[in-house]
Participant: 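Input: one structure, supplied below.
Being a predicted model, the structure only gives us computed values, none of them experimental. Numbers for residues simply follow the sequence, beginning at 1. Note that these values count all heavy atoms, side chains included, but never hydrogens, waters or copies made by symmetry.
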Amino acid sequence: MRFVLRLGLGLLSLAAILTGLWHLSAATAGLSVTEAAVGPIPVTVFRPAEAQPAPVVVIAHGFAGSQQLMLPFATSLARNGYVAVTFDFPGHGRNPTPLAGGLTNDAAASGALLGAVAQVAAFAQGLGAQGLGDGRVALLGHSMASDIVVRHAQAHPATAATIAVSVFSPGVTPDSPRNLLVIVGALEPAMLRDEGLRIAGQAAGGAAVPGVTYGDIAAGTARRVAFAGGVEHIAVLYSPDSMAEAVAWLNQVFDRHGSGWLDARGPWLGLVFGGLVVLAWPLSGFLPRVVAGPASAALGWKRLWPIAVLPAIVTPLLLWRMPTDFLPLLLGDYLAVHFAVYGGLTAIGLWWRGAGLVRPRWGAFLAAVALVAGYGVFAFGWPIDAFVTSVAPVGVRLPLVLAMLAGTLPYFLADEWLTRGTRGAYAVTKICFLLSLAIAIALSLERLFFLIIILPVILIFFTIYGLFSNWSHRATGHPWVGGVANAATLAMAIAATFPMVAR
């Protein structure tokens with residue numbers, strides 16, 4: 001019966017994954033997608049395969065993102081007849097150049113970001129000589145990049161239009177930049193919604209109404225704020241409302257009529273990743289047995305509680321005043337040390353409680369680790385890298401994987417050993433770890449506030465990869481199979497996605 005259930009779930013999962021991938025790949029149907037480089041900046045050009053020269057839209061991602069994150073806008077615009085150009089900012093994605101200034105020198109960081117936009121905008125302007133662009137350029141930027149594209153457009157008045165998604169840009173005036181559309185997720189913080197209303201209100205001469213266009217497009221003074229329904233700071237990039245507003249705005253500015261096609265990849269991404277999660281359970285049945293019987297601490301709650309709670313409190317206190325800026329990876333160094341110290345304290349607690357170790361059969365153990373880690377890194381990593389954001393560490397980022405692994409490995413080995421065998425313990429220790437990071441942020445808010453952004457991502461990782469490690473533990477009998485695999489996967493993800501900064 002269990003075999004039949006595994007087989008049925010496996011087949012349904014594969015069907016879901018293949019259906020989702022087919023729809024995601026179909027988003028570029030009829031488009032020419034070419035990769036290029038502007039100096040060290042990786043760029044991608046999306047355009048109709050057979051079309052006349054058209055306006056070019058330069059699309060810029062936000063902080064800790066990459067050009068893949070802006071794919072919905074790129075495909076929507078290209079399928080409606082525009083030439084869309086995405087790129088990776090310095091320190092982001094596959095751009096090998098570290099971001100100057102990091103979080104401590106705003107002038108240096110802004111200068112580097114503005115310089116990148118200027119180079120890509122010049123590249124976009126040059127597409128006219130190749131018969132692709134018609135000489136007109138517009139800009140679109142999200143979050144961090146929204147202010148950057150606004151400032152570039154103000155310095156280059158020939159920019160025909162600007163679209164600022166989740167914007168905060170105090171320098172906007174009633175007539176600069178030209179033809180500004182603001183898109184904000186309806187569930188984003190009130191500060192961003194108010195900023196959009198303030199910007200539109202400059203042209204309205206008073207209180208602005210979302211969805212109403214003020215000013216004159218022909219004169220370049222048009223302003224509009226639109227709230228994308230039911231989405232927050234990241235989901236706004238996948239909202240059909242966002243795509244529709246962007247396409248309609250540019251159609252008005254450039255007096256064009258598109259196909260009306262809009263990217264709607266959200267459900268298909270859900271189908272792919274949901275299928276991958278479910279598929280992991282039937283596949284775990286093929287893992288080799290590593291030990292004869294279950295190997296875990298199985299301490300029971302009375303003995304487990306101190307080991308679960310004390311590291312959460314002690315770790316941020318130990319690291320409060322300790323300098324941790326030694327990697328060219330924004331806050332990756334602090335996170336690596338936090339993981340390592342937390343794991344070390346947990347291991348001391350296990351030793352104190354006399355939790356013995358059961359040696360695995362090493363050949364079977366290494367094979368199981370390779371299979372579980374391979375699934376986490378490649379089966380999940382490839383669709384994320386292709387359709388969501390850059391998670392493949394390349395070039396200068398490769399050594400950073402080992403540096404992060406030095407922190408994540410002690411934590412996951414100790415935590416998996418502690419929690420497997422006690423029902424509910426895994427969830428408790430993950431809550432403790434997130435609270436520990438929250439304490440660290442509260443103690444050093446100015447230094448660590450970027451970690452607030454990634455706390456939800458870590459929670460998602462703990463949830464999904466916790467299922468993987470649980471299933472691998474049941475199949476192999478040893479908690480370190482999932483521990484090593486999860487440590488390697490998270491180390492790679494952090495090394496690939498956290499912004500690189502100049503030290």
Side-chain angles (χ1 to χ4, degrees), residues 19-33 44-51 54-62 65 67-86 138-143 145-146 149 160-167 179-188 196 210-213 224-273 383 386-389:
T19 301
L21 289 175
W22 184 86
H23 281 280
L24 291 170
S25 299
T28 55
L31 299 181
S32 170
V33 182
T44 306
V45 179
F46 301 78
R47 63 180 179 85
E50 297 180 5
V56 183
V57 186
V58 174
I59 302 174
H61 63 80
Q67 58 179 316
Q68 292 97 312
L69 202 60
M70 308 304 289
L71 277 171
F73 281 107
T75 55
S76 293
L77 292 172
R79 291 281 291 267
N80 280 275
Y82 294 93
V83 179
V85 179
T86 62
L139 303 175
L140 186 153
H142 173 239
S143 192
S146 63
V149 298
T162 302
I163 301 173
V165 185
S166 307
V167 68
N179 297 325
L180 176 62
L181 167 67
V182 175
I183 302 173
V184 186
L187 302 183
E188 294 202 66
V212 176
T213 299
R224 178 183 176 92
V225 59
F227 291 168
V231 294
E232 37 64 58
H233 196 64
I234 298 301
V236 69
L237 299 176
Y238 298 91
S239 169
D241 292 345
S242 302
M243 306 305 123
E245 287 286 345
V247 171
W249 187 254
L250 294 177
N251 283 345
Q252 292 181 68
V253 170
F254 295 117
D255 192 23
R256 294 173 62 89
H257 301 281
S259 66
W261 186 91
L262 300 175
D263 192 297
R265 68 184 54 215
W268 307 121
L269 287 171
L271 204 58
V272 169
F273 292 113
F387 302 111
V388 182
T389 193

Participant: To the nearest 0.5 Å, what is the distance between CD1 (I59) and CD1 (I163)?
Facilitator: 8.5 Å
Participant: Are the side chains of L31 and R47 in touch, meaning some heavy atoms are under 4.5 Å apart?
Facilitator: no
Participant: Could you pull out every donor-acceptor pair under 3.5 Å between side chains of residues 240-248 and any protein atom, sequence neighbours left out?
Facilitator:
from: D241; atom 1: OD2; to: G229; atom 2: N; distance (Å): 2.9
from: S242; atom 1: OG; to: V236; atom 2: O; distance (Å): 2.7
from: E245; atom 1: OE1; to: R224; atom 2: NE; distance (Å): 2.9
from: E245; atom 1: OE2; to: R224; atom 2: NH2; distance (Å): 3.2

Participant: With heavy-atom distances below 4.5 Å as the criterion, would you say the side chains of N179 and T162 are in contact?
Facilitator: no
Participant: Can you pull out every salt bridge (Lys or Arg N to Asp or Glu O under 4.0 Å) where at least one residue sits in residues 247-263? Sequence neighbours excluded, please.
Facilitator: D263-R265
Participant: State, with a plain yes or no, whether a side-chain heavy atom of L24 is found less than 4.5 Å away from one of V272.
Facilitator: yes
Participant: Nearest heavy-atom pair of N251 and G258: which atoms, and what distance?
Facilitator: ND2-N, 3.8 Å
Participant: Could you go through the side chain to side chain contact (heavy atoms under 4.5 Å, CB included) check for N80 and S259 one step at a time?
Facilitator: CA-CA 5 Å; N80 280 275; S259 66; 3.5 Å; yes
Participant: Taking the side chain from Y82 and the backbone from F46, do they hold a donor-acceptor pair closer than 3.5 Å?
Facilitator: no
Participant: Give me each pair satisfying ring-ring contact (aromatic ring centres under 6.0 Å, His included) with a member in residues 241-272, each pair once, sequence neighbours excluded.
Facilitator: H23-W268
Participant: Do V83 and V57 have side chains that approach each other closer than 4.5 Å (heavy atoms only, starting at C-beta)?
Facilitator: no
Participant: Is there a side-chain contact between H142 and H61, using heavy atoms and a 4.5 Å cut-off?
Facilitator: no
Participant: Which heavy atom of G81 sits nearest to which heavy atom of A54, and what is that distance?
Facilitator: O-CB, 3.1 Å
Participant: Does the pair L77 and L250 meet the rule for a side chain to side chain contact (heavy atoms under 4.5 Å, CB included), with working shown?
Facilitator: CA-CA 9 Å; L77 292 172; L250 294 177; 3.6 Å; yes
Participant: Could you pull out the closest heavy-atom pair between A74 and T86, with the gap in Å?
Facilitator: CB-CG2, 3.9 Å
Participant: Does the T75 side chain pair with the main chain of P72, one donor and one acceptor, at a distance under 3.5 Å?
Facilitator: yes
Participant: Enter the distance from I183:CD1 to F73:CZ here, rounded to the nearest 0.5 Å.
Facilitator: 5.0 Å
Participant: Any side-chain heavy-atom pair from V149 and L140 closer than 4.5 angstrom?
Facilitator: no
Participant: Under a 4.5 Å cut-off applied to non-hydrogen side-chain atoms, are L69 and L237 in contact?
Facilitator: yes
Participant: Can you name the salt bridge (Lys or Arg N to Asp or Glu O under 4.0 Å) partners of R79, sequence neighbours left out?
Facilitator: none
Participant: Please list all pairs passing the side-chain hydrogen bond (donor to acceptor under 3.5 Å, both in side chains) test where one or both residues lie in residues 229-240, with sequence neighbours left out.
Facilitator: S143-H233, E188-H233
Participant: With sequence neighbours excluded, tell me which residues meet ring pair (Phe, Tyr, Trp, His ring centres under 6.0 Å) with F273.
Facilitator: F380
